[in-house]
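Single-structure report; data block below.
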Amino acid sequence: MATKIFKHIQTSVVPLPIENIDTDQIIPARFLKATTRDGFGNNLFRDWRYDNEGNPKTDFVLNEPIYSGKILVAGKNFGCGSSREHAAWAIADYGFDAVVSSFFADIFKGNALNNGLLPVQVSEDFLAKLFAGVFADPNAVIEIDLVDQFIKIVATGETESFEVNPYKKACMTNGYDDIDYILSKKELIAEFEGR
Amino acid sequence: MGQTLFDKIWDAHVVSSNEGFPDILYIDTHFIHEVTSPQAFDGLRTRGLPVFRPKQTVATADHNVPTWDQHLPIKEELSRYQVDMLTKNCAEFGIELYGLGHPFQGIVHVIGPELGITRPGGTYVCGDSHTSTHGAFGAIAFGIGTSQVEQVMATQCLLQSRPKRMKIEVNGKLQNGVGAKDIILYIIAQISAAGGTGFAVEYAGDTIRGLSMEGRMTICNMSIEMGARCGLIAPDETTINYVKGREFAPKGEAWDEAVAYWQTLYSDEDADFDSILSFKAEDIEPMITYGTNPGMGIGVTQHVPETASFEQKEQGSYKKALDYMGLHDDEQLLGKPIDYVFIGSCTNSRIEDLRQVAEFVKGKHKADNVTVWVVPGSKQVQEQAIREGLDKIFDAAGFPLREPGCSACLGMNEDKIPAGKYCVSTSNRNFEGRQGPNSRTFLASPLTAAASAITGVVTDIREFLSESEFSELEN
């Protein structure tokens with residue numbers, strides 16, 4: 001099945017300079033009872049975003065109107081904890097196309113890639129520059145190019161390259177799907193089972 | 001160059017390996033539960049595909065199930081719907097379901113091992129990060145997302161890049177009252193919640209060798225809490241004796257053949273690890289966490305670190321964690337009043353955990369300020385506990401034995417810790433809101449949790465233990 005295609009974006013960013021953001025914060029367990037993939041964006045960062053009465057917490061970045069954009073920039077070890085793919089669904093459903101951090105948890109990274117949400121791992125220094133840039137100017141624009149594998153702070157021209165698994169890159173830039181790929185090797189699975 | 005245990009098992013399961021692509025890895029058994037499977041079943045329906053190997057797929061309902069009056073319909077509508085959906089999906093796709101009321105029902109990571117489904121040398125996945133538990137048998141086992149659940153349902157295979165290999169050795173004699181949970185909380189506190197990311201971790205050393213299978217499962221269970229892809233321990237006599245005779249364990253000639261193979265599963269002397277870490281058992285105190293990730297742990301007598309001891313850029317996150325927990329720099333947790341004690345979860349809900357707690361609390365009673373929940377990991381654990389009379393000991397101590405499920409580990413059912421309350425929990429995660437919105441979690445061992453329930457405050461279990469009296473509680 002075709003999946004979402006990602007090649008290049010240029011947009012302002014939403015800064016979340018907190019480390020070790022776990023998937024329970026991204027989407028709390030009580031919202032995992034849905035049986036479809038839709039609508040999780042409404043509860044993205046639910047307990048940081050809303051108080052117990054459901055009122056928006058004005059000091060949380062998603063509630064600050066000066067910040068918007070298709071890229072979430074977060075502290076190191078983003079997406080640790082539970083394997084819930086609902087975390088990637090929630091971030092994508094909210095409207096983000098990419099997450100930038102200096103370190104990603106393994107399972108989250110895989111889940112994001114399987115949903116057309118690009119995890120971009122940058123150096124600690126570059127992450128610090130991104131945060132400094134957006135706090136100085138909330139409209140600061142960032143460019144991410146998956147084809148040539150770089151991220152750029154447009155105003156200053158500062159650029160860093162990033163790693164991505166070549167297979168997953170081909171999937172994201174073409175909309176390929178893992179299951180289609182494995183099914184194309186089905187005779188090898190039968191052969192393996194016969195060994 | 002010799003091979004690591006991990007590589008031996010991985011190589012035996014590679015269906016296809018192509019330069020520039022992840023390997024196609026064959027999965028022996030796929031465990032599923034109600035939370036992370038419905039969208040995967042929907043995906044199969046959209047593609048018009050069956051479950052490729054339904055007999056290698058095992059289902060149970062654990063995350064949403066009540067732990068009291070389990071025979072009644074689930075009260076909460078969304079939870080009931082999700083559990084019903086699993087029942088329907090399993091019927092439609094021909095998958096065996098150990099659902100509510102079934103004698104094999106329980107937490108997915110408890111039932112796999114106790115039924116003899118989890119075995120040395122196998123590959124196991126589940127849409128659940130604590131699948132790393134099964135690595136205790138000398139297997140490759142890890143959590144996956146729902147798209148991958150669909151992938152395994154459709155093909156019995158998974159696209160995976162081979163992780164790096166790390167060896168963590170623990171050698172020496174544990175202090176009295178220190179067990180497997182303390183070992184893993186100590187390791188994570190040493191290397192951080194991200195210290196294992198990108199690695200398959202093999203635990204070794206004489207202290208690990210000396211652990212029971214239950215203890216080894218506790219260790220491997222929390223591998224994900226340091227970010228590791230999986231954790232594993234080479235099989236030995238302890239492993240083989242545990243598997244032997246279980247419901248789905250091989251029997252007769254098949255058993256002998258299996259054991260002969262399992263005995264080849266160890267890392268060769270000259271195997272190449274990307275990283276090797278060593279710890280001394282003697283250095284490990286009973287552990288407790290104070291923060292909002294499992295790496296934020298200290299010995300129970302130590303003080304919470306000072307904010308100034310962290311790098312500038314880390315101080316904001318650290319202060320946020322302490323604020324959430326209602327703690328301050330340099331505070332000592334020892335003696336701090338608590339509100340709840342939760343003994344359960346895929347980390348510590350096996351029969352050995354319950355026996356250890358029962359032995360300790362026999363003749364004692366919980367403090368008035370504490371509510372205690374003891375939640376067995378499976379129907380079989382619950383029934384074994386009742387056969388051994390542990391339920392009566394628990395009742396007398398004010399520790400009611402509930403019914404099996406994930407329960408207050410993540411509060412998807414009614415078992416939630418109220419906002420602002422402190423819970424000493426034997427589970428695996430102390431994330432903000434994990435046990436209920438604004439709940440505050442101190443992760444600890446079953447013995448530390450039980451002792452704290454008795455005194456009503458965070459307690460050093462060693463105060464209760466004399467060398468001779470509880471020597472059997474060492475592990």
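Proteins come first, then strands; the chains are lettered A, B, ... in the order of their sequence lines, and each starts at number 1. All values below come from the heavy atoms of this structure, side chains included, with hydrogens, waters and symmetry mates left out. Predicted model only: the values in this text are computed from it and were never measured.
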Tell me, for I24(B) versus chain A, whether the close heavy atoms (under 4.5 Å) come from the side chain, the backbone, both or neither.
side chain

Compare all side-chain heavy atoms of I26(A) with those of W48(A) and state whether any distance is below 4.5 angstrom.
no

Between E19(A) and chain B, with a heavy-atom cut-off of 4.5 Å, which part of the residue counts as in contact: side chain, backbone, both or neither?
both

Is it the side chain or the backbone of M412(B) that comes within 4.5 Å of chain A heavy atoms, both, or neither?
both

Under 4.5 Å heavy-atom distance to chain B, tell me which part of E191(A) shows up: side chain, backbone, both or neither.
neither

Given the rule in the side chain to side chain donor-acceptor pair (under 3.5 Å) test, do D106(A) and T197(B) qualify, once you have shown the distances and angles that lead to the verdict?
CA-CA 7 Å; D106(A) 258 354; T197(B) 306; over 6 Å; no

Identify which part of F31(A) has an atom lying under 4.5 Å from any heavy atom of chain B, answering side chain, backbone, both or neither.
neither

Region of N428(B) in contact with chain A, defined by heavy-atom distances below 4.5 Å:
neither

Is the shortest heavy-atom distance from the side chain of L32(A) to the side chain of I27(A) under 4.5 Å?
yes

What part of N111(A) lies closer than 4.5 angstrom to a heavy atom of chain B: side chain, backbone, both or neither?
side chain

With only heavy atoms counted, which part of F192(A) is less than 4.5 Å from chain B, the side chain, the backbone, both or neither?
side chain

Under 4.5 Å from a heavy atom of chain A, the part of V14(B) involved
backbone

For R46(A), is it the side chain, the backbone, both, or neither that has a heavy atom closer than 4.5 Å to a heavy atom of chain B?
neither

Determine yes or no for a side-chain-to-main-chain donor-acceptor pair under 3.5 angstrom, with D51(A) supplying the side chain and K57(A) the backbone.
no

Going by atom types only, do H63(B) and N413(B) share a side-chain donor-acceptor pair under 3.5 Å?
no

Given heavy-atom pairs under 4.5 angstrom as the criterion, report whether the side chain, backbone, both or neither of A40(B) touches chain A.
neither

Counting only non-hydrogen atoms closer than 4.5 Å, does A128(A) touch chain B with its backbone (N, CA, C, O), its side chain (CB onward), both, or neither?
neither

Whatever's closer than 4.5 Å to a heavy atom in chain B on K109(A) counts as neither

Cut-off 4.5 Å, heavy atoms of chain B, and the answer for K76(A) is side chain

Modelled atom types, side-chain donor and acceptor of K33(A) and S79(B), under 3.5 Å:
yes

Interchain contact, Y81(B) with chain A, by part (heavy-atom threshold 4.5 Å)
side chain

